[in-house]
Every structure is written in C-alpha cells, then in structure tokens.
Amino acid sequence: MSLQLRSPEVTEVNQVAALVNQYASQNIMLPRTPESVTQTLDDWLIAVEPDPSSGRPIVIGCGALVALTEELVEIRSLAVAEGQQGKRIGAQIVLQLVEMARKRRFSQVCALTLSEGFFLKLGFDLVDRWSISPKVWQACIYCPKFHRCDEVAVLMHLTGSPATRKEPLELSASPAWNGLLKWKEWQPLKLAYKQEVELKELDKKEA
C-alpha cells in the first residue's frame with residue numbers, strides 16, 4: 001500500500017491529535033484534543049502509509065476544514081510528520097481540502113500560515129490578516145503568540161471569473177467591527193487588534 005489520502009477512522013484519532021500537538025508544543029499551531037478531532041471527523045483529511053514493521057497504516061500528515069461563514073472556510077491543523085517533509089504530502093492534503101471545500105459549495109478558502117510561499121505556489125493569494133472573517137480569531141485569541149503573531153493570511157477564491165476574484169467576500173481596508181458578530185464577541189478581538197498595533201509601533205521604536 002502506497003501513500004493514501006482519506007478521511008480518518010475513529011481508531012486513528014489519537015494519531016491525528018498527537019501529530020498536531022507535536023507542533024502545538026512548539027507554538028506552531030493550536031493544539032487539538034482527540035475529542036475535538038472525533039467531533040469533526042468528517043472535516044479532516046489524513047495521509048497514511050504502511051508501517052514498515054507491521055504493515056498497518058500510520059498517519060504521516062493531516063489537515064482539517066473549519067467553516068467560518070456560509071461562504072468562507074479555513075484550513076487548519078495542517079501537519080506533516082517529521083522526516084516526511086519534502087514529499088509534497090502537505091501540498092496534496094491542501095489541494096484535496098480545497099476540493100472538499102469546493103464540493104461543499106464554499107466560495108473561499110483561507111489559512112493562517114508561517115510558510116506563505118507554500119500556499120502561494122498552490123494558488124493562494126496574500127491578504128491582510130484582519131480582513132478575514134473575525135471568526136478566524138475566536139480560536140487564535142487564546143494563543144500565547146497572538147499579540148506578536150508572525151503568521152500571515154492567505155486566501156483562494158473558488159467561484160467566479162478571474163475578474164471577480166480580486167477582493168475577499170469580507171475584505172475591507174480596516175477591520176469591520178460591526179455586523180459580522182455580536183457586540184460582545186467583537187470586543188476581545190477589537191482590543192487584541194489595538195494591542196497588536198501598539199506592539200508594532202513599539203517594535204519600530206526599539207529597532
């Protein structure tokens with residue numbers, strides 16, 4: 001059996017969580033519990049190959065879709081096992097997730113990443129992090145790196161002609177603090193955005 005891309009089975013949930021948490025421990029991505037993976041099993045895609053000793057499939061890559069709005073979905077928890085990089089496993093997972101999003105009739109796919117070049121080669125575009133739906137930050141706001149986040153946002157349009165793919169569905173010159181979420185839900189994000197701007201200004205003065 002060669003490399004396969006497929007949905008995970010319940011018996012593989014612990015492997016998926018362990019792979020993600022290996023990178024979460026390095027503050028590269030947010031952690032996932034086996035329970036959270038189980039609850040969203042249909043949204044995950046894994047790459048498996050046979051164990052050399054037992055022949056049983058082992059998880060060497062994973063990724064998941066998280067719906068932010070009816071039109072926008074995010075790729076999260078994209079991870080490839082150490083020693084397996086450079087084999088285009090991550091690229092295959094992303095492209096398959098894009099197809100999953102297309103079949104589910106989403107109009108856009110986004111991601112937050114430290115490797116924008118990887119996504120740009122796959123057809124994504126760079127966008128302002130704060131231009132994406134605020135729901136993307138509801139998980140990130142609890143990340144210890146949030147106020148000094150070095151991730152960038154990428155976006156791919158799945159529908160429309162090239163002439164109509166210039167702006168994200170929720171893109172604006174500045175964060176749209178009204179209309180997308182309830183007032184109380186926006187306040188932590190608005191404060192976080194203000195703090196991030198202040199930290200950037202402080203970094204410039206110290207440089």
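From a predicted model like this one, the values you see are computed outputs, not experimental measurements.
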Does any non-hydrogen side-chain atom of [Y] lie less than 4.5 Å from one of [X]?
X: W44; Y: C62; value: yes
X: L158; Y: V98; value: yes
X: F119; Y: V94; value: yes
X: C110; Y: L68; value: yes
X: L65; Y: I75; value: yes

Could you walk me through whether V13 and L41 pass the side-chain contact (heavy atoms from CB on, under 4.5 Å) check?
CA-CA 8 Å; V13 163; L41 209 59; 3.8 Å; yes
Residues that E116 engages under side chain to side chain donor-acceptor pair (under 3.5 Å), provided they are two or more places apart
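If we apply the side chain to side chain donor-acceptor pair (under 3.5 Å) test to E116, skipping adjacent residues, there are no hits.
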Pair E12-R56, salt bridge (charged side-chain N to carboxylate O under 4.0 Å, His left out): steps then yes or no
CA-CA 11 Å; E12 297 167 323; R56 296 177 180 177; over 6 Å; no
From CA spacing to verdict: side-chain contact (heavy atoms from CB on, under 4.5 Å), V152, L126
CA-CA 7 Å; V152 299; L126 285 175; 3.9 Å; yes
Give the intermediate values and the outcome of salt bridge (charged side-chain N to carboxylate O under 4.0 Å, His left out) for residues D43 and R104.
CA-CA 11 Å; D43 298 323; R104 296 182 183 187; 2.6 Å; yes
CG of D128 to CG of L155: how many Å apart, nearest 0.5 Å?
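If we round to the nearest 0.5 Å, D128:CG and L155:CG are 12.0 Å apart.
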Reported CD-to-CD distance for the pair E71 and Q108, which is rounded to 0.5 angstrom:
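Result: 7.5 Å between the selected atoms.
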